[in-house]
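Structure record follows, encoded as structure tokens.
This structure is a prediction, so every number in the text was calculated from the model and none was measured.
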Amino acid sequence: ITISAAPEEDHAVLRVRDDGIGIAPTLLPHVFDLFAQGEQAIDRSQGGLGIGLTIVRSLIELHDGQVTASSEGLGKGSEFRVQLPLHHAVATADAAVAPDRWRSLPQSLGQGKRLLIVDDNHDAAILVAEALDAMGFVTRIAYDGPSALAIVAHFEPEVALLDIGLPVMDGYELATRLRERFPHLRLVAITGYGQETDRIRSRAAGFEDHLVKPLNLDGLTEILSHA
């Protein structure tokens, strides 16, 4: 595997190249599509679900970047090219002032509403809470179902963002238990799965909304504006 990075005009370009199994020409245009996979070899028959490259593309696009793949065919390796914009320092009196990352968010959206975030990804949960705090919500974070139930004993949320793939107790079971205690609680599912069957299952579990990771803040803001 060869990895290189270099500036190109106003962008940083990262290239990751290997001499492995390559990508078939018929698959290449769809390699970033959700659940797209090439034929699995016997030693990789228990491979992933085909969502990794979709997540890669989403994350890079959130940073105003682009990712492309190229390959000369099966058995001839492949190369992935990531292009990200470079942000140069501005030579002004305000250059030393760090911009507020949440300055563009609707500051009064939350109006003190209580919101519970449950996600076993600590960094993701903290980042979402930081954004929602900036919008005026009062947030609490839990990293698993039992912790969430302990929190709601003294914090009665009006909205709950629940990861589905939680340890100990999955998001579906947690949603059921929260709904029993708070019949009017608005439940928002946060998951890596976004097929129609997944959305049907989350609705059946009592979720009003279904968001696919990586979380799109604009989509979340739109949902919360009607909460």
Side-chain angles (χ1 to χ4, degrees), residues 14 16 32-35 46-65 67 80 82 84 100-102 104-105 109-110 113-153 155 157-179 185-195 197-199 201-203 205-224 227:
L14 172 71
V16 181
F32 293 102
D33 294 350
L34 190 62
F35 302 125
Q46 302 299 319
L49 297 173
I51 65 174
L53 288 179
T54 304
I55 294 175
V56 166
R57 180 179 62 184
S58 296
L59 288 172
I60 291 170
E61 289 178 349
L62 285 172
H63 292 280
D64 298 322
V67 59
F80 289 84
V82 176
L84 294 167
D100 181 356
R101 74 168 76 186
W102 309 127
S104 62
L105 296 178
L109 178 63
K113 289 181 181 177
R114 297 178 301 279
L115 190 147
L116 175 66
I117 301 164
V118 188
D119 194 331
D120 61 334
N121 184 321
H122 291 214
D123 291 337
I126 292 170
L127 187 63
V128 172
E130 183 181 337
L132 295 176
D133 287 342
M135 293 186 210
F137 288 92
V138 178
T139 63
R140 295 291 186 273
I141 299 174
Y143 302 116
D144 56 47
S147 299
L149 294 175
I151 288 174
V152 300
F155 179 75
E158 299 167 79
V159 182
L161 311 182
L162 308 183
D163 183 17
I164 297 298
L166 293 169
V168 185
M169 175 192 306
D170 67 28
Y172 298 119
E173 181 180 352
L174 177 59
T176 299
R177 295 197 182 191
L178 289 174
R179 181 71 80 194
L185 175 65
R186 188 182 186 97
L187 295 171
V188 181
I190 301 175
T191 174
Y193 299 96
Q195 295 296 297
T197 53
D198 301 311
R199 296 178 185 277
R201 185 178 179 188
S202 67
R203 284 196 296 270
F207 288 96
E208 282 87 0
D209 303 286
H210 185 112
L211 293 175
V212 179
K213 292 183 177 182
L215 193 60
N216 181 292
L217 201 55
D218 290 335
L220 178 58
T221 301
E222 175 65 22
I223 288 172
L224 296 178

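To the nearest 0.5 Å, atoms OH (Y143) and CG (D120) are separated by 10.5 Å. The CZ atom of R140 lies 10.0 Å from the CG atom of L116; values are rounded to the nearest 0.5 Å. Between atom CD1 of residue I223 and atom CG of residue L220 there is a gap of 6.5 Å, rounded to the nearest 0.5 Å. Separating the CD1 atom in I141 from the OG atom in S147 is a distance of 12.0 Å, to the nearest 0.5 Å.
Under the 4.5 Å side-chain criterion, counting only non-hydrogen atoms from C-beta, I190 is not in contact with L162. Looking at heavy atoms from C-beta onward, V128 lies out of side-chain contact with D119 at the 4.5 angstrom threshold. Counting heavy atoms from C-beta outward, L149 and P146 have side chains that stay 4.5 Å or more apart. You'll find the side chain of K213 stays beyond 4.5 Å of the side chain of I55, heavy atoms only.
Between the side chain of E158 and the backbone N or O of R114 there is at least one donor-acceptor pair closer than 3.5 Å. Under a 3.5 Å cut-off, the side chain of T139 and the backbone N or O of D133 do not form any donor-acceptor pair. Side-chain N or O atoms of H210 include one that pairs as donor or acceptor with a backbone N or O of Y193 at under 3.5 Å. Within the 3.5 Å criterion, the main-chain N or O of T54 finds a donor-acceptor partner in the side chain of S58. At least one donor-acceptor pair closer than 3.5 Å links the side chain of R179 to the backbone N or O of G206.
Nearest heavy atom pair, residue L185 against residue P157, reads CD1-O, 3.3 Å. Taking each heavy atom of V138 and F155 in turn, the nearest pair found is O-CZ, 3.5 Å.
When each of T191, V188, N216 is paired with L211, the side chain to side chain contact (heavy atoms under 4.5 Å, CB included) condition holds for V188 and for no other.
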